[in-house]
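Inspection log for the structure reproduced underneath, given as structure tokens.
The model shown is predicted, which means the values in this text are computed figures rather than measured ones. Side-chain atoms are counted along with the backbone in the values below, which use heavy atoms only and exclude waters and symmetry mates.
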Amino acid sequence: MAGIATASCIDVHAHVRLAATDGAAGIHGPENGIDDQGRPWYRVGNYRIVGVKHKNSPFTDPVIRLERMAKAGIDFQVLSPSPLTYFHHIDTASALSFCRRYNDGVAALVREYPDKLGGLAALPMQDPVAAKDELQRAVGDLGLWGAAVGTEFALPLHSEQFDPLYEAFVALDVPLFLHPAPAGIDGPPGDPSLKRFDLDVVVGFAAQETIAVATLIFGGVLDRHPKLDVWISHGGGNVAFQAGRLAWASQKRPWATEAMKKDGAFEQALTRLWYDTHLNDDRALALLTQVVGRDRLVYGTNFAGWDQPDDGDHGPVPPIWADNARRLLRRKR
């Protein structure tokens, strides 16, 4: 734990792909190769990426990752599964097969580099019971620090069927990371207009994140599980900008509860959650800070992704963000 205990810059938004998981979800993949034009490709379900390097990249090679981290001034990273491989909409057996293979692999990886890397588990969210069992195995047996999942599955986030899973997070004293996945990989295709200009990973992700925050609050998850810690990618999507309208809805719409109708109740609930700072805009970050406070922010980069800040171009990272990450992840100095 010495690495994270003394780290000045802790990146909590860093995905990893593991060669050990190739084919772990059966016909759904994942798999990768080189096409007849020499271009790398990566396939998950019906989703295929061409031209994005998979092998010998920071996503798959820990040596390259650590070199890039040093160049970017990142002292420690918390690894989570790629959103392309959540597999939340396939059959439970295939999803669980992938999750177990991934969790075993990421646990082995972080054990190899304990001063630089920590790990979060993948969970088969289409089956709340299986998800709870795998969380308990991943944390209790493998030593992972929590779990990372998508925002959309067959059941909504506020479904009471997830309550035993949320209770397990609290009992194990670990947090939950919510990060969207592009629609249509293995589930419903989503809004076709979001397929234009890659809006699914910009506007679509922000919408999913905002909906997730609203669902956790309006659906009573935070009330039923007051000790549950959840952090949301990309600053919670549009939630800071929409905070006023969401608060107004929580008081005026017909489903509003008496508790939410109290002045400031929604705004207070927002400060129960955590948000990574990967927003690509200082103005957006300033607004998020104003709405939720500095002590609910953790540093994130989407490391090695298309939208990661240029190496060394993230500006000074406030020390409080590293302290916040240690609190969120239960890693004391």
Please determine, by modelled atom types, if [X] and [Y] share a side-chain donor-acceptor pair under 3.5 angstrom.
| X | Y | result |
| --- | --- | --- |
| Arg100 | Asn103 | no |
| His278 | Asn302 | no |
| Asn324 | Trp274 | no |

Contacts of Glu31 meeting side chain to side chain contact (heavy atoms under 4.5 Å, CB included) (sequence neighbours excluded), chain-then-number -> Trp41, Arg43
Those residues at least two apart in sequence (or on a different chain) that pass side chain to side chain contact (heavy atoms under 4.5 Å, CB included) with Asp91 are His28, Ala93, Ser94
Any side-chain heavy atom of [X] sitting closer than 4.5 Å to one from [Y]?
| X | Y | result |
| --- | --- | --- |
| Leu246 | Phe218 | yes |
| Thr85 | Thr21 | no |
| Phe162 | Leu157 | no |
| Tyr113 | Val63 | yes |
| Val298 | Ile10 | no |
| Met69 | Leu117 | yes |
| Val16 | Gln77 | no |
| Leu84 | Ile49 | yes |

- request: Step by step, work out the side chain to side chain contact (heavy atoms under 4.5 Å, CB included) result for Thr301 and His13.
  value: CA-CA 6 Å; Thr301 65; His13 185 160; 5.5 Å; no
Distance check, rounded to the nearest 0.5 Å: [X] atom [atom1] versus [Y] atom [atom2]?
| X | Y | atom1 | atom2 | value |
| --- | --- | --- | --- | --- |
| Glu160 | Leu155 | CD | CG | 11.5 Å |
| Thr271 | Asp295 | OG1 | CG | 8.0 Å |
| Tyr166 | Leu222 | OH | CG | 9.5 Å |
| Asp75 | Thr6 | CG | OG1 | 7.5 Å |
| Cys99 | Asp133 | SG | CG | 12.5 Å |
| Leu279 | His234 | CG | NE2 | 8.5 Å |

Q. Counting only N and O atoms by type, is there a donor-acceptor contact under 3.5 Å from the side chain of Arg326 to the main-chain atoms of Ile4?
A. yes
| message | Would you say the rings of Tyr42 and Phe59 are close, in the sense that their centroids are separated by under 6.0 Å? | response | no
Compare every heavy atom of [Y] with every heavy atom of [X], then report the nearest pair and how far apart it is.
| X | Y | result |
| --- | --- | --- |
| Arg272 | Leu228 | NH2-O, 3.6 Å |
| Ser57 | Ile64 | N-CD1, 4.0 Å |
| Val174 | Gly146 | CB-CA, 3.8 Å |
| Ser233 | Glu209 | OG-OE2, 2.6 Å |

| Is the count of non-hydrogen atoms from other residues, nucleotides or ligands lying under 6.0 Å from Asn46 atom CG greater than 12? | no
For residues 249-259, tabulate all N or O donor-acceptor pairs below 3.5 Å that involve a side-chain atom, not counting sequence neighbours.
residue : atom : partner : partner atom : Å
Ser250  : OG   : Ala247  : O            : 2.6
Thr257  : OG1  : Met260  : N            : 3.1
Glu258  : OE2  : Lys261  : NZ           : 3.4

Applying salt bridge (Lys or Arg N to Asp or Glu O under 4.0 Å) to Asp163 and not counting sequence neighbours gives Arg224
I want to check a possible cation-pi pair here: Arg65 against Phe303, using under 6.0 Å from ring centre and within 45° of the ring axis as the test. no
Hits for ring pair (Phe, Tyr, Trp, His ring centres under 6.0 Å) against Phe76, two or more places apart or cross-chain, chain-then-number order -> Trp145
**Study point:** Presence of salt bridge, Arg39 and Asp35, under 4.0 angstrom
**Key:** yes
- Basic-acidic side-chain contact under 4.0 Å: Arg137, Asp104: yes
Can you tell me how the ring of Phe177 sits relative to the ring of His179, calling it parallel under 30°, perpendicular over 60° and tilted otherwise?
perpendicular
**Asked** Under 30°, 30 to 60°, or over 60°: which ring-plane class applies to Trp321 and Tyr299, parallel, tilted or perpendicular?
**Response** parallel
Hey, can you pull the donor-acceptor pairs under 3.5 Å for the side chains in residues 121-131, sequence neighbours left out?
residue : atom : partner : partner atom : Å
Gln126  : NE2  : Phe87   : O            : 2.8
Gln126  : NE2  : His88   : O            : 3.4
Gln126  : NE2  : Ile90   : O            : 2.9
Asp127  : OD1  : Val129  : N            : 3.1
Asp127  : OD1  : Ala130  : N            : 3.1

Going through the checks in order, is the side chain to side chain contact (heavy atoms under 4.5 Å, CB included) test met by Thr151 and Ile211? CA-CA 9 Å; Thr151 58; Ile211 291 168; over 6 Å; no
